[in-house]
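Written below as structure tokens is the structure these notes are about.
All values derive from a computational prediction rather than experimental measurement.
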Amino acid sequence: MPELLARSAVRLDAAAADRDDAVRQCGRALVSAGAAEPGYIDAMLDRERTVSTYVGEGVAIPHGTLAGKELVHHDALCVLRFPGGVNWNGERVALCVGIAARGDGHVRILSELAQILLDPGRARRLRETTDADEVIRLLRPDGEEIAQ
């Protein structure tokens with residue numbers, strides 16, 4: 001099975017015109033990683049327009065609707081950092097962690113992300129880092145180091 005978070009799906013210098021642009025960029029990163037079909041981007045936008053994926057502390061976790069699951073090839077994450085911030089329904093988002101998941105995979109992934117983001121130090125480092133390897137390490141549930 002492919003990695004949940006491929007280094008190629010980590011983009012730390014992104015810029016977006018608005019929330020929808022940021023969601024589209026997350027969707028394109030997941031499609032580029034081979035995790036989903038292009039139509040999954042529309043499912044992500046539908047989710048965002050129904051229920052905001054902003055979770056606080058400058059972080060949003062865009063993901064698709066239930067109907068979009070059929071467009072997912074394998075569970076995957078992408079991480080896009082927006083140093084200039086993105087207006088997300090009146091909140092400033094600096095970091096998006098996009099999710100593509102089959103079945104109920106998103107529930108486990110969201111739970112693990114919530115635990116990681118509840119650690120203020122880890123969340124701050126995720127928002128501020130410019131190192132893709134550190135992003136990958138910080139998003140591992142146990143925070144283990146990456147083998148070089």
Side-chain angles (χ1 to χ4, degrees), residues 1-82 86-89 91 93-120 122-127 129 131-148:
M1 178 166 155
E3 285 182 77
L4 188 60
L5 177 58
R7 193 172 271 102
S8 64
V10 177
R11 300 175 185 168
L12 302 177
D13 59 354
D18 56 25
R19 177 200 71 190
D20 286 0
D21 183 27
V23 171
R24 280 187 198 93
Q25 289 182 46
C26 286
R28 285 193 297 266
L30 293 165
V31 170
S32 292
E37 294 293 322
Y40 187 69
I41 297 168
D42 290 331
M44 293 176 76
L45 288 166
D46 289 347
R47 163 76 64 198
E48 195 60 50
R49 291 174 184 148
T50 304
V51 178
S52 178
T53 60
Y54 177 73
V55 295
E57 297 298 319
V59 179
I61 306 177
H63 55 285
T65 60
L66 290 173
K69 289 187 180 303
E70 66 190 38
L71 301 170
V72 174
H73 300 296
H74 63 82
D75 292 2
L77 298 177
C78 69
V79 175
L80 276 67
R81 183 173 162 265
F82 297 94
V86 178
N87 180 346
W88 210 280
N89 303 329
E91 300 290 345
V93 166
L95 185 77
C96 285
V97 181
I99 299 174
R102 295 188 58 79
D104 291 332
H106 70 288
V107 174
R108 177 187 51 80
I109 293 168
L110 284 169
S111 174
E112 290 176 6
L113 282 174
Q115 291 303 309
I116 290 164
L117 296 171
L118 284 174
D119 177 337
R122 235 169 154 180
R124 180 184 47 74
R125 290 190 347 240
L126 273 170
R127 287 191 310 271
T129 189
D131 178 5
D133 287 335
E134 184 176 15
V135 168
I136 293 167
R137 183 181 57 77
L138 287 167
L139 286 176
R140 290 184 178 183
D142 56 6
E144 70 189 36
E145 293 294 324
I146 298 170
Q148 294 294 332

Using modelled atom types and a 3.5 Å cut-off, is there a donor and acceptor pairing between side-chain atoms of [X] and backbone atoms of [Y]?
X: Glu91; Y: Gly56; result: no
X: Thr50; Y: Asp46; result: yes
X: Arg11; Y: Leu80; result: no
X: Arg7; Y: Asp133; result: no

TODO: Scan for side chain to side chain donor-acceptor pair (under 3.5 Å) pairs involving residues 35-44, sequence neighbours excluded, and state none if there are none.
DONE: Glu37-His73

- [ ] Can you tell me which residue pairs pass the side chain to side chain donor-acceptor pair (under 3.5 Å) test with a partner in residues 23-32, sequence neighbours excluded?
- [x] Asp21-Gln25

How far apart are the closest heavy atoms of [X] and [Y], and which atoms are they?
X: Val23; Y: Met44; answer: CG1-CB, 3.7 Å
X: Leu77; Y: Leu5; answer: O-CD1, 3.4 Å
X: Asn89; Y: Ser52; answer: ND2-OG, 3.6 Å
X: Ile99; Y: Ile61; answer: CD1-CG2, 3.4 Å
X: Ala43; Y: Gly68; answer: CB-CA, 3.7 Å
X: Leu95; Y: Val79; answer: CD1-CG1, 3.6 Å

Task: Distance, nearest 0.5 Å, that separates CZ of Arg124 from CG of Leu138 - done: 10.0 Å

Open item on the list: Could you measure the distance from the CZ atom of Arg125 to the CZ atom of Arg137? Nearest 0.5 Å is fine.
Closed with: 5.0 Å

Can you tell if the side chain of [X] reaches within under 4.5 Å of the side chain of [Y], non-hydrogen atoms only?
X: His63; Y: Lys69; value: no
X: Val59; Y: Trp88; value: no
X: Arg19; Y: Asn87; value: no

Task: All side chain to side chain contact (heavy atoms under 4.5 Å, CB included) counterparts of Ala76, not counting sequence neighbours - done: Leu30, Ala35, His74

- [ ] Test Val10 against Arg81 for side-chain contact (heavy atoms from CB on, under 4.5 Å), laying out the working first.
- [x] CA-CA 8 Å; Val10 177; Arg81 183 173 162 265; over 6 Å; no

